[in-house]
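Let me begin by presenting the structure, written as structure tokens, before commenting on it.
Reminder, nothing fancy here: chain letters follow the sequence lines and each chain counts from 1.
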Amino acid sequence: MAIRVQSLRDLAKIQHYYGFRYLLNPSVHEKIFDKLDLPQTYQDTTKLKVLDLYPGPGQQSAIFNNRFKPSQHVLMDARPDFVKHLRELSSTPNDSFQLYCKDPYEWQSYTELIDIEKRLLPSKKNLDSIHNEFLVLANLTGMIGEGLFMQWLACIGNRNWLHRFGRVKMLIWVLESTAMKILATPGGQLRSKCSVVADTFTDTKLIATMENKNLHKFGRSVLDAHKPVIFSENDTWMPTGKAISLLEVNPSSHNIDLDNFDYVTKHLLILRSTPLCEAFESLGHGGRDYFTTVIKDKKFLQKCPKELTSSEFLMITNAFVNWPFKPDIYMDFIDVFQDND
Amino acid sequence: MLRFSRSCSRLLVSKRLTSQLRCVSQTAFLRKPSGNIDRLSGVPGREDIGFLKSSSVSMSPNFGPFDHSQAVAGATESRDIMNLWSLLEACLHSGYMERAYSILKSLYALKSHRTYFIDDYNKFLMKYAETLHDIKDLDKKLFHDIQETFPACEYNDKTLAILIHHALKLSSSTEAKLEHCKTYFKMAVSGQRSILSNVDILTVPNYKTLACDLKLVSINELPAAVRPLIESGNIVTGEVLPSKQPSETNAKALTPGEVALDRNIEPLDKDAKELLAVDTIGMKVVRHTLLGLSFSEDQKKQIASFNFDTSSNLLNFDQGKENINFFEMFCNLKSEEERRSFESALDEFNQDRQHQLENRATDAAKERWRHDFEEAKSRGDLSIQKKLNIKLWEWFNLMLPLVKEEVRRCAAVANNTTQEASLSPQEKKQNKARQEYGPYLTLVDPEKMCVITILEILKLNSTGGIIEGMRTARAVISVGKAIEMEFRAELLLKSESHVFKDVNKKSHEFKLMVQRARATFRSIKIEESKVLWPQEARAKIGSILISMLIHIAKVKVEGVDPVTNEVIKGEAPAFSHGYQYHNGSKLGVLKIHRSLIHQLNGERLVAAVQPQLLPMLVKPRAWNSWNSGGYYYTQSTLIRSKDSPEQVAYLKAVSDAGAIDNVYRGLNVLGETPWTVNRRMFNVMSQVWNSGKPFLDIPGIQDKLTLTPQPPRDADPSIHREWKLKNKELANEFSGNRSARCDANYKLEIARAFLGEKFYFPHNLDFRGRAYPLSPHFNHLGNDMSRGLMIFWHGKRLGTSGLRWLKVHLSNLFGFDKAPLEDRVSFAESHIDDIRDSAEHPLDGKGWWKEADKPWQALATCMELNEALKMSNPGDFVSHQPVHQDGTCNGLQHYAALGGDIEGATQVNLVPSDRPQDVYSHVAKLVIARLEKAAANGDETAALLKDKIKRKVVKQTVMTNVYGVTYIGATHQIDKQLSTLFNDHKRSYELSKYLTKHVFASVRELFEGAHLIQDWLGECAKRISKSIRLDVDEKTLKNGNKPDFMSSVIWTTPLGLPIVQPYRESGKRQVATNLQTVFISDPFAINPINARRQKAGFPPNFIHSLDASHMLLSASECGERGLDFAAVHDSYWTHACDVDTMNVVLREQFIKLHEVDLIERLKDEFDERYKNYLQILKIDKKSEVATKVTDLKKKLSQKLGRPFTLADEIYMEKKRIQLLNSEDASEQAEGANMVTTVSLVAEAGDISNLEKSSDASCLVVLAPLTLPQIPPKGDFDVRELEKSKYFFS
DNA sequence: GGTATATCTATAGACAATATCGTTAACGACCTT
DNA sequence: CGGGTCGTTAACGATATAAGTCGTAGATAGCCA
């Protein structure tokens, strides 16, 4: 039986949105799913298991469920007002549509769901292709959203958390500003560590985004390449003043040590506009001497970090790993602020 | 010609400071004295210990308020002035006269500075004159400048002094000299005497010429400090005149016998001569005096062979060498008279050593490196693991040419001798930067700069939470500051030798006179050096030097090639500049290479301690003004308030009015107590230290930080997170241990240097008036270890009472301090065997002393007691051990006295009683009672905890509760106690949180009165910090109804010290340096206050200001009675035999302090100080007042044709007050008739019942600032405590 | 219905610092009337 | 000679960074009479 799809007006009656913003207009959702062409990945939806994180008012969950009829659809949310609403929604006699009242922010919640209570048991797939039986939906448009997204990205790099099951596709709603950071291109204004990491470990696409005056900041190339569905802010609730975007994250197959890569990109991107030959010195004692010896390409050494592609960063990381006098990357932190003159 | 007079340069400086802080504000009209303060004088006939005089001064200050209006109009200008000054000074001393001249022009352009401009011009003239050969040129230059370039500027007597000095120097004939000087003296602004008072310009020979040769002035007109020098007539010739009775003050310093010795010094000098031929005459006398005393043959030999040449015999930082043991010699002397002459000889010797010490520190370090290097070279030792010093010497030699080259370039830029055209754009930029920092970089000898840079960087290792390095920002500032300090010291030394040049110090007595004259000279000079380099300049030169060091300093390194697994040797920079992230913000770090770190752990770096941070060998310069006292060659300020120009201004005003002499008196007593190192304790500690093992609070040697093994890559994120946390914890512990060991090392090494020496601690105050020694590493406020290392230099016979107190002291140190005194005595007596064992076998015995609360001090006391008990009459033992008397929860004692709260007073032993009350046990009991009640109601947590509550659990929290500990802080304290009982970290924290609530509630219950006062203080602070002054600046109000609050809480302590809470928003800016930009705060910026900190800090700060007053009062009284006195805030120390006297004194002083109702006086002071201030209130929209206000606003808004803003409201009210305070009766009437929003609210009277919090139904109004009613005072009479045995015990 | 209490959410701020980039103000050279 | 225009640059301000904040104030709900 179909899950109830409600009007924006009705859903807006839920008292607290906890700073999150959701696309509620069903027709836009349908348009998005048309564009996503999920059946191509999930040919047999009877085997499809979906983990729906921060489903909130559950509009997208309902539409998705009605459209693809996955074998299991777990909605994880712990926020009282939404839980109340979702409980009603999931009370329809549809076994696959299950509410799990735990906070998706806690790693603990997943361990309990999967390893302890064994309520959701995704299959483990190899790294040859995108996981075809497991999908993650999430809305990270709240305050903690950006941080959580970055951590999930690290999980993809480490192949832990949900990504231990394989290359699990994720459809994630994020703030437009976050999406811009993730999709920033080499040389671009917003190029930063997270976009390099996203480039390296995933294939990420902008699927949909909210109409606003900042759209152009995505860059023509991104808009042209991804052709996102554009929707109006009136299709969403609640108005937070910040636009939201939907990203499709496809983990790529890779075999890279995240920690070293992380260290190198983090440090180089601090001096994002300094030529490499100088910026290398900030990687450790004698960095300039070492890297300028190892890397012969003079032109490359004149480039600056913000212009580098992910594969160039990879190359530097490899050189770093082979450096006999490399610093201890795990000592790269500050302890408590203690000051005494 | 408009003339203004200034009698001496000190005044000049003070005026100059005033100008700097002065603000062109019209606030005077708001500050009509109301006579409120007069009312405060209270009981007639009671003496004023400072408050009355001081508060009346600070109430109507001669400078403006500190807020945006100051910040914008005044402060930016005063910042400009300060920057220009420091640049002017730098250029003058670097010899960039042209640039200096153009800076003068800029200074001249600042109108508000105009009156003080002549001082700057004089500085210029002084330097300029040195380049001339004919006095006429100087004359011409001056009159050209005064008439043409700076027409609004008048010369003063200092200018004339400069002219005279040069006239004497440049004129060849006596006639010419006479003529010039005559002319100049005729031009005197306020008399010849005034000209002659410039001892920093006129040299001693000048004075002599003027007085003796030219006979232009009479000897009586000379400044007092110089007069004896001239009178003795012993200037250039150096001939020893038949000893005339030395004039005035120094008469006492010499006994006739010594003078006699002076004259027939030859025969005795013979044997010494073979050993050392370098004694100066003065030192011969010292040696001679010493040899004349009744020493053992051995000691006489020591003295005879001791090198009294101070430059080669500063402090002994050498492990192998044993310095002469003055202390032992002193103790062995039999007669009082001998001891006195010994001390005066030692003091004289130490004068010279202190002088050397403060001036030669960097050279000493460099020499040590060179020495080690050459020694290694001669041994042919070229091993890879070179000794640290050798490495440093190599770096020094590599760095020096770079620095020299940079200095050269800076000079070239400054002299415009670069070929701008031929330079690349980058070099042009560089040169531009050089123009800014160049003048500062060319002041100090490049060699010294190199040494300073290296030392500073090594010292900063592992600071700022960076594991193997330091923050860049800190490093650059530290280096810059160190350079500046070096410059100041050199400058002082240079100008001193200028003034005293040609003065031959051949005679002993003459030397003493010179010493005295020098002291006067120094005081003037130090006070004058108010100019500080801007942070920016410090950062810039620091970064230049550091980047050069980074460039050249290399270390040998080993690493494993990850591919081939071969061990590879190589060379890497010893320092590396990089960044780290913390919470998403970047932090510049300067990392030190591991191999160097390793070496640093093993070696001692003590030579790096700046001498300004060591105890002094001579009595500190006595405090007599807000910036004069402490060390001889470094300026220290009375109050440590580096970033609060506001407090400095108040302090200055009060100090100039002479209202805080009581503070100076107390502080000087603290500084005059001589100390020495407890040699036996030092030996025990050294032994422990050298073992490298952890012992008591000394951590063991640790090799390097090893992190826990990393979890597998695909482990759950939570596991990764835990791993990271664990690592942080490890690193924290590691660096904690390292710094603890490092700190212990500093202490021991300093102690080693001062073994057998007599030393003093110069003190100053923190912003609340609490006294701290200026030497930070080694002082009696330190931990148990440093306290155990120190004893009084003077010894006093124990006597019966002393012996008893010594026993009590031991018992107290064991934590057995809540029993009646008799019991404590018997506690010690029952452990006689343990005491002997501990004293005689500290490390290989039973180690009873280690069980004490304060083991090191306990051991020291055991040793002292043991020695005493060995004697047939222990009362005859001469004891050096300080004995402590501590208040029982001193904060609460003050609260109880303030509130007259009998219950509280009883608890903290203000009320006489047979046995001491133990607050902590009492609170523990209350907590248990509460928990039991809760447990009975079925609270499981309570049931679980109720048996766990011990005195110790609550102790710290009760103690810190008075000092405003936060809920979180208290929870941590309790958790520290509980976590030993529960294994589960999280669980114990939960329990602690629960328990904290109950402890707080219990304390509150027990000290009801104290908490009422605490709340009252807090509420006052809150209202004050949320108040608005009437004449605020527009900028303050820029954001609607949320103005920036600018008023800090200000009060006057009973001793008259004005306290300004310095809590303001940080206001930092980015400054570009060579390495990176650094984020530093601008000391001149006046920022909005931090209301939360103002509120949270006030109650404890107020109490601290009281306990500080009590301490200083007790100190000066103890000094008066001839006691040696020291204090750690609320713990008072003296000789065992003097404890009884001290106990009387401190009780008297406490009573004296609290006889006045301090809270009432505080409220009156607040009412006066914050009169006419406004507060923002939210009241019920529907109330009558609210409607009136709304109507008025509407009306005015229509009239203005725009919304009526908060700024308008304030402006209107300001106008009204102005009119009301007017002299003109019609204006007064007009003011009385004026209706403003504020007047409407004020008319309504008490509107506290109308206050609302909800936003919807309330109206924001301005109301006059009112402070809450004082809580009622209880019946406790503070005089009772006179008889309380356990008040302090 | 009202008020004392406990829990919940929203919210700002301390990004306890620095590199970089865009905008604006200021300055100066040059040209035309 | 004045003024206007254009170009350059210094100066200032804004923004992003990393990636398990957190403390608090204010609102709301749960409580009782």
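Between Phe82(A) and Tyr18(A), the two ring planes are tilted [angle within 30° to 60°]. Aromatic ring pairs are classed by plane angle as parallel below 30°, tilted from 30° to 60° and perpendicular above 60°; the pair Tyr110(A) and Trp107(A) is tilted.
A close approach under 4.0 Å does occur between a side-chain nitrogen or oxygen of Ser273(A) and OP1 or OP2 of dC21(C). Distances shown here put a side-chain N or O of Lys193(A) below 4.0 Å from the OP1 or OP2 atom of dA19(D). Applying the 4.0 Å criterion to OP1 and OP2 of dA19(C), one finds that Lys306(A) has every side-chain N and O outside that range. Distances shorter than 4.0 Å separate none of the side-chain N or O atoms of Ser585(B) from OP1 or OP2 on dT18(C).
Using a 4.0 Å heavy-atom distance criterion, Gln15(A) is classed as a sugar-phosphate-only contact. Here Gln189(A) lies in heavy-atom contact (under 4.0 Å) with sugar-phosphate atoms only. Using a 4.0 Å heavy-atom criterion, one finds that Gln1070(B) contacts the bases of the nucleic acid, with or without backbone contacts as well. Note on Thr274(A): only backbone sugar-phosphate atoms sit closer than 4.0 angstrom, heavy atoms only; bases stay farther off. Contacts of Tyr18(A) with the nucleic acid, taken as non-hydrogen atoms under 4.0 Å apart, involve only primed sugar atoms and P, OP1 or OP2. Among the protein residues, Leu271(A) comes within range of the sugar-phosphate backbone only, with heavy atoms under 4.0 Å from sugar or phosphate atoms but none that close to a base. At the heavy-atom level, Pro717(B) lies nowhere under 4.0 Å from the strands shown. Using a 4.0 Å heavy-atom cutoff across all strands shown, Leu153(A) reaches no nucleic acid atom at all.
Of the candidates dG20(D), dT9(C), dC15(C), the closest approach to any side-chain atom of Trp107(A) belongs to dG20(D). When the nucleotides dA19(D), dC21(C), dA17(C) are ranked by their closest atom to the side chain of Phe1079(B), dA17(C) comes out on top. Comparing dT18(C), dA14(C), dT17(D) by their nearest atom to the side chain of Glu1065(B) picks out dA14(C). Checking dT18(C), dA14(C), dA17(C) against the side-chain heavy atoms of Arg471(B) singles out dA17(C) as nearest.
Rounded to whole Å, the distance from CG on Leu148(A) to C1' on dT21(D) is 14 Å. Taking atom CE on Met143(A) and atom P on dC15(C), their separation rounds to 16 Å, with Å as the unit. Whole-Å rounding puts the Tyr105(A) OH to dC22(D) P distance at 9 Å. In this structure, the CZ atom of Arg1069(B) is 15 Å from the C1' atom of dA10(D), given to the nearest Å. For the pair Arg721(B) CZ and dA18(D) C1', the computed distance is 14 Å after rounding to whole Å. Put simply, CG on Asn727(B) is 16 Å from C1' on dG20(D), counting in whole angstrom units. dG20(D) atom C1' lies 14 Å from atom CD of Gln108(A), rounded to whole Å.
Salt bridge present: Asp259(A) and Arg713(B) bring a charged side-chain N and a carboxylate O closer than 4.0 Å.
Along DNA chain C, the nucleotide nearest Asn583(B) and the nucleotide nearest Arg272(A) are compared for position; the residue whose nucleotide lies closer to the 5' end is Asn583(B). Comparing Asp262(A) and Leu190(A) by the nucleotide of DNA chain D whose heavy atom lies nearest to each, the residue mapping closer to the 5' end is Leu190(A). Heavy-atom distances to DNA chain D give each of Lys432(B) and Glu106(A) a nearest nucleotide, and the one nearer the 5′ end belongs to Lys432(B). When the nearest nucleotides of DNA chain C are assigned to Lys586(B) and Asp81(A) by heavy-atom distance, the more 5′-ward of the two goes with Asp81(A).
Lys217(A) NZ: 12 or fewer foreign heavy atoms inside a 6.0 Å radius.
Residues Asp332(A) and His267(A) bring a donor and an acceptor atom of their side chains to less than 3.5 Å of each other.
For a distance-only test at 3.5 Å, the side chain of Gln1076(B) fails to qualify as a donor-acceptor partner of the base of dA17(C).
Atom C1' of dT5(D) sits at a distance of 14 Å from the matching atom of dT33(C), rounded to the whole Å. Using atom C1' as the reference point in both dA14(C) and dT18(C), the two lie 16 Å apart (nearest Å). Taking the P atom of each, dG20(D) and dA12(C) are spaced 25 Å apart, rounded to whole Å.
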inquiry  = Please evaluate residues Glu112(A) and Lys102(A) with respect to the criterion salt bridge (Lys or Arg N to Asp or Glu O under 4.0 Å), reporting the C-alpha separation (whole Å), side-chain torsions for both, the decisive distance (0.1 Å), and the verdict.
reply    = CA-CA 9 Å; Glu112(A) 282 164 12; Lys102(A) 293 237 162 96; 2.6 Å; yes
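Atom-to-atom distance recorded for Ile329(A):CD1 and Lys266(A):NZ is 9.0 Å, nearest 0.5 angstrom.
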